[in-house]
Novice: 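Let me give you the structure first, and then I'll get to my questions.
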Amino acid sequence: PISTSAELRMLGLGHRLPLQLARLLPAAMRMYVRAVLGKLAKGLDGPYLEHFFADSAPDRAFIAVAKNRDFLSKSMRAIFDQGPRCGMEELMLNASDWSELAVGVDCPVTILTGTQDRLAPPEMVHSFATRHGFTIAPPQPDAGSFLIFQHPGAVMEMLGGFMTRQRSN
């Protein structure tokens, strides 16, 4: 959840611009979504993904793998199969500040992040976690937005350690 303009500026450019459009210029956001839909229809999803993840080396490496790029392309197409409305709704949801949903959570929360995550950069995660009293695991080096795919062993190790600590308390 992005609560402030300062948090929005923490995002990588490819992530920030569509969200700014959604927040500030919904009509321009609708044009952006239609342009993305046009790129997908022309088979230009690869260049779109490369631009979107341009500022994260681990994410660029992730999408360079054919099966990963295919997975992301299929996911984008699934969103847009119903026309531009689903893409617009997803973008509006991502641009919303839904941090109020975290208010009053009374179970332990530990957030995992990668050092190169541009969808949820460590600074933004820290801001969110601090506001809500959540714990942040040390950011995983050389990981971006696809942490669970980029370093599944490290994620499982962090989760296993968390579960062990919870059982001993």
Side-chain angles (χ1 to χ4, degrees), residues 1-102 111-125 127-128 137 139-156 158-159:
I2 304 164
S3 296
T4 66
S5 295
E7 288 178 348
L8 187 62
R9 286 190 299 274
M10 293 175 190
L11 296 174
L13 188 61
H15 305 302
R16 182 175 63 239
L17 292 179
L19 298 178
Q20 285 175 316
L21 287 176
R23 285 183 167 195
L24 302 173
L25 299 166
M29 181 257 325
R30 289 189 288 275
M31 289 189 296
Y32 169 83
V33 168
R34 285 188 171 91
V36 171
L37 195 102
K39 286 182 179 189
L40 292 176
K42 292 179 181 177
L44 298 174
D45 43 324
Y48 170 77
L49 287 169
E50 290 167 13
H51 173 74
F52 191 77
F53 292 107
D55 51 1
S56 173
D59 289 343
R60 283 193 321 273
F62 179 80
I63 64 171
V65 176
K67 69 178 184 169
N68 297 340
R69 187 176 38 252
D70 186 49
F71 167 74
L72 292 172
S73 295
K74 286 178 182 177
S75 298
M76 287 190 309
R77 285 192 183 96
I79 291 169
F80 288 112
D81 274 349
Q82 305 301 314
R85 182 173 170 227
C86 289
M88 290 178 213
E89 289 175 357
E90 185 204 13
L91 190 51
M92 289 301 291
L93 177 64
N94 288 330
S96 300
D97 176 14
W98 43 269
S99 59
E100 69 183 39
L101 298 173
I111 301 173
L112 310 180
T113 188
T115 58
Q116 299 298 310
D117 189 337
R118 296 301 175 247
L119 287 171
E123 311 83 49
M124 192 170 75
V125 170
S127 176
F128 174 74
Q140 177 67 38
D142 300 319
S145 303
F146 306 103
L147 174 60
I148 197 163
F149 299 108
Q150 293 164 331
H151 297 284
V155 169
M156 295 308 292
M158 285 187 264
L159 291 174

Novice: Contact between L72 and M76 at the side-chain level, heavy atoms closer than 4.5 Å - yes or no?
Specialist: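 No, their side chains stay 4.5 Å or more apart.
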
Novice: First locate atom CZ of F80, then atom OG of S75, and finally report the distance between them rounded to the nearest 0.5 Å.
Specialist: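 If I round to the nearest 0.5 Å, the distance is 12.0 Å.
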
Novice: Working to the nearest 0.5 Å, report the span between CG of L13 and CD of Q20.
Specialist: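 The CD atom of Q20 is 8.0 Å from CG of L13, to the nearest 0.5 Å.
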
Novice: Just do the side chain to side chain contact (heavy atoms under 4.5 Å, CB included) check on S73 and L49 with the steps written out, would you?
Specialist: CA-CA 8 Å; S73 295; L49 287 169; 4.1 Å; yes

Novice: Do M158 and Q140 touch side chain to side chain, with heavy atoms closer than 4.5 Å?
Specialist: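 Touching, per the 4.5 Å side-chain cut-off.
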
Novice: State, yes or no, whether a side-chain contact exists between D55 and Q116 at a heavy-atom distance under 4.5 Å.
Specialist: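 D55 does not reach Q116 side chain to side chain.
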
Novice: Restricting to non-hydrogen atoms, name the atom on R9 and the atom on R16 that form the minimum distance, rounded to 0.1 Å.
Specialist: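 Shortest heavy-atom contact: O-NH1, 3.2 Å.
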
Novice: Where is the tightest heavy-atom contact between V155 and I148, given as atom of each residue plus distance?
Specialist: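 Heavy atoms only, the tightest pair is CG2-CA, 3.9 Å.
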
Novice: Is the shortest side-chain heavy-atom distance between R118 and M10 below 4.5 Å?
Specialist: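 No, their side chains stay 4.5 Å or more apart.
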
Novice: With a 4.0 Å cut-off on N to O distance, would you call D45 and R77 a salt bridge?
Specialist: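 Salt bridge between D45 and R77, a charged N being under 4.0 Å from a carboxylate O: yes.
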
Novice: Checking R23 side chain against A95 main chain: does a donor-acceptor pair fall under 3.5 Å?
Specialist: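 Flag set: sc R23 to bb A95 pair under 3.5 Å.
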
Novice: Run the numbers on S127 and E7 for side chain to side chain donor-acceptor pair (under 3.5 Å), then give the verdict.
Specialist: CA-CA 8 Å; S127 176; E7 288 178 348; 2.4 Å; yes

Novice: Under 3.5 Å, is there a donor-acceptor pair linking the side chains of D59 and Q150?
Specialist: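 Their side chains do contain a donor-acceptor pair, which is all the 3.5 Å distance test asks for.
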
Novice: Yes or no on ring pair (Phe, Tyr, Trp, His ring centres under 6.0 Å) for Y48 and F53, after CA distance, side-chain angles and deciding distance?
Specialist: CA-CA 9 Å; Y48 170 77; F53 292 107; 8.6 Å; no

Novice: Quick check for you: to the nearest 0.5 Å, what is the distance between E90 atom CD and I79 atom CD1?
Specialist: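 Between atom CD of E90 and atom CD1 of I79 there are 3.5 Å.
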
Novice: For H151 versus D142, what's the shortest heavy-atom pair and its separation?
Specialist: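 For H151 and D142, the tightest heavy-atom pair comes out as NE2-O, 3.0 Å.
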
Novice: Just so I know, are the side chains of R60 and E50 near enough to count as touching, which here means a heavy-atom distance under 4.5 Å?
Specialist: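 Heavy-atom side-chain distance check fails, nothing below 4.5 Å.
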
Novice: Over all heavy atoms of both residues, which pair between A120 and L11 is shortest? Give the atoms and the distance, please.
Specialist: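 That closest heavy-atom pairing would be N-CD2, 4.5 Å.
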
Novice: Run the numbers on L17 and Y32 for side chain to side chain contact (heavy atoms under 4.5 Å, CB included), then give the verdict.
Specialist: CA-CA 10 Å; L17 292 179; Y32 169 83; over 6 Å; no

Novice: Taking all heavy atoms of I2 and all of D97, pick out the closest pair and write down the distance.
Specialist: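 For I2 and D97, the tightest heavy-atom pair comes out as O-CB, 3.4 Å.
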
Novice: Is there a side-chain contact between N68 and F146 (heavy atoms, below 4.5 Å)?
Specialist: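 When only atoms from C-beta onward are counted, F146 and N68 do not touch, as no gap falls below 4.5 Å.
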
Novice: Output all residues satisfying ring-ring contact (aromatic ring centres under 6.0 Å, His included) with F128, sequence neighbours left out; order by chain, then residue number.
Specialist: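 So F128 forms a ring-ring contact (aromatic ring centres under 6.0 Å, His included) with H132, F134.
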
Novice: Working to the nearest 0.5 angstrom, can you tell me the gap between M31 CE and M88 CE?
Specialist: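 Between M31 CE and M88 CE, I get 10.5 Å after rounding to 0.5 Å.
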
Novice: Show the nearest heavy-atom pair for residues G14 and F52, with the distance to one decimal.
Specialist: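 Minimum heavy-atom contact is O-CE1, 3.1 Å.
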
Novice: Can you check whether D117 reaches L147 side chain to side chain, under 4.5 Å on heavy atoms?
Specialist: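 Sidechains of L147 and D117: no contact.
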
Novice: If you measure from CG on L93 to SG on C86, what distance do you get to the nearest 0.5 Å?
Specialist: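 Going from CG on L93 over to SG on C86, the span is 12.0 Å.
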
